[in-house]
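Heads up: the structure comes next, in structure tokens.
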2 protein chains.
Amino acid sequence: MRNADHPCARFIRQIIDIFGGKWSFAIICELHTGPKRFNEIRNDLGISTKSLSDVLKNLEANGIVTRTVHSAAPITVEYALTEKGSDFEEVFIKMSEWGMKWLHQSSSEEMR
Amino acid sequence: MRNADHPCARFIRQIIDIFGGKWSFAIICELHTGPKRFNEIRNDLGISTKSLSDVLKNLEANGIVTRTVHSAAPITVEYALTEKGSDFEEVFIKMSEWGMKWLHQSSSEEMR
DNA sequence: CAGTATCCGGGCGGATACTG
DNA sequence: CAGTATCCGCCCGGATACTG
């Protein structure tokens, strides 16, 4: 059995498919602080409209975020994490823990 | 303060830089079962020599894997996870948990 | 066996302009 | 405001051939 076929690896593969790309993680990070509008995310991250639109569509299709249209004028659209998406925070937490332990962003590189 | 500058988000960004791409996660998954040779990984994953070479170099540069040359004939090279790399398993575990909860690979998989 | 060297096509992501 | 529509450069990743 090829390792690539292991259930674990397959999950990883699917997760990459969903969250892969340059911006997905960042966007989800954004939404963890609460629902946000299209241009809000855009300005915060400095992502192009096309890219943002693409990623949001993908995330919505995978049940990670919801898209809510507020039909006031001017029209606004709010994106929010689903439970599925918000539950992924567990992974982010582990990532941050790992980052804190092994990555140094500050100047004082004492590497070892 | 832009969300993109949050320490959390920055860690995520760095992690993406290290583990981003199509194969990094899969390779690390591979190595969790123990050290492996170049062509072993290659055959298991079905990745091209160039891609594998590139990714391994990147992972080595980031201190995720070690490269050990066994100078017997024919020469063999073993790749293994460093502590830093192996420590990332925590993240994989969380990913798998998330995957088991939220992803369904339909076919009566009795995973694990 | 473990790579390097090339070449190449596709797709991702950015920039810009435009629409409802 | 929230996108869509284009265009485009770049780089990722694959295929193949070759080397020590």
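Keep in mind it's a predicted model, so treat the numbers as computed, not measured. A note on names: the letters A, B, ... follow the listed sequences, proteins ahead of strands, and every chain is numbered from 1.
- Without hydrogens or angle criteria, A:Lys36 side chain to A:Ile27 main chain gives no donor-acceptor distance under 3.5 Å.
- Panel note: side chain A:Trp98, backbone B:Lys84; a donor-acceptor pair is recorded below 3.5 Å.
- Look at CD1 on B:Ile41: it is 13 Å from C1' on C:dC1, rounded to the nearest Å.
- The stretch residues 18-27 of chain B comes close to DNA chain D through B:Gly21, B:Lys22, B:Trp23, each having a heavy atom under 4.0 Å from the strand.
- Comparing D:dC1, C:dG3, D:dG3 by their closest approach to the side chain of A:Arg37 singles out D:dC1.
- Between the CD atom of A:Glu40 and the P atom of D:dC1 there is a distance of 10 Å, given to the nearest Å.
- Under the 3.5 Å distance criterion, the side-chain polar atoms of B:Asn43 are matched with a main-chain donor or acceptor of B:Asn39.
- Counting heavy atoms from C-beta on, the side chains of A:Leu31 and A:Ile41 come closer than 4.5 Å.
- In this structure, the CD1 atom of B:Ile75 is 12 Å from the P atom of C:dT4, given to the nearest Å.
- In this structure a side-chain-to-backbone donor-acceptor pair under 3.5 Å is present from B:Thr82 to B:Gly63.
- Applying a 4.0 Å cut-off to non-hydrogen atoms, the residues of residues 47-64 of chain A that approach DNA chain D are A:Thr49, A:Lys50, A:Ser53, A:Lys57, listed by residue number.
- The C1' atoms of five pairs define one axis at each end of the helix from C:dC1-D:dG20 to C:dG20-D:dC1, and these two axes lie 50° apart (to 10°).
- Ring pair A:Phe88/A:Phe92 is perpendicular by interplanar angle, where above 60° counts as perpendicular and below 30° as parallel.
- For A:Tyr79 and D:dG3, the shortest distance from a side-chain N or O to OP1 or OP2 is below 4.0 Å.
- Looking at A:Glu97 and A:Lys94, a side-chain N of the basic residue comes within less than 4.0 Å of a carboxylate O on the acidic one, giving a salt bridge.
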| Under the side-chain contact (heavy atoms from CB on, under 4.5 Å) criterion, do A:Ile28 and A:Phe19 qualify, and how do the steps go? | CA-CA 9 Å; A:Ile28 295 172; A:Phe19 301 98; 3.2 Å; yes
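- Using a distance-only test at 3.5 Å, with no hydrogens or angles considered, no donor-acceptor pair links the side chain of B:Arg37 to the main chain of B:Glu78.
- The interatomic distance linking B:Lys36 (NZ) with C:dC1 (C1') rounds to 17 Å, in whole Å.
- The shortest side-chain heavy-atom distance between A:Ile18 and B:Leu103 falls under the 4.5 Å cut-off.
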| request: Would you sort out whether B:Asp54 and B:Asn58 count as a side chain to side chain donor-acceptor pair (under 3.5 Å), showing the intermediate values? | output: CA-CA 6 Å; B:Asp54 289 350; B:Asn58 177 46; over 6 Å; no
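- An OP1 or OP2 oxygen of C:dG3 is reached within less than 4.0 angstrom by no side-chain nitrogen or oxygen of B:Arg42.
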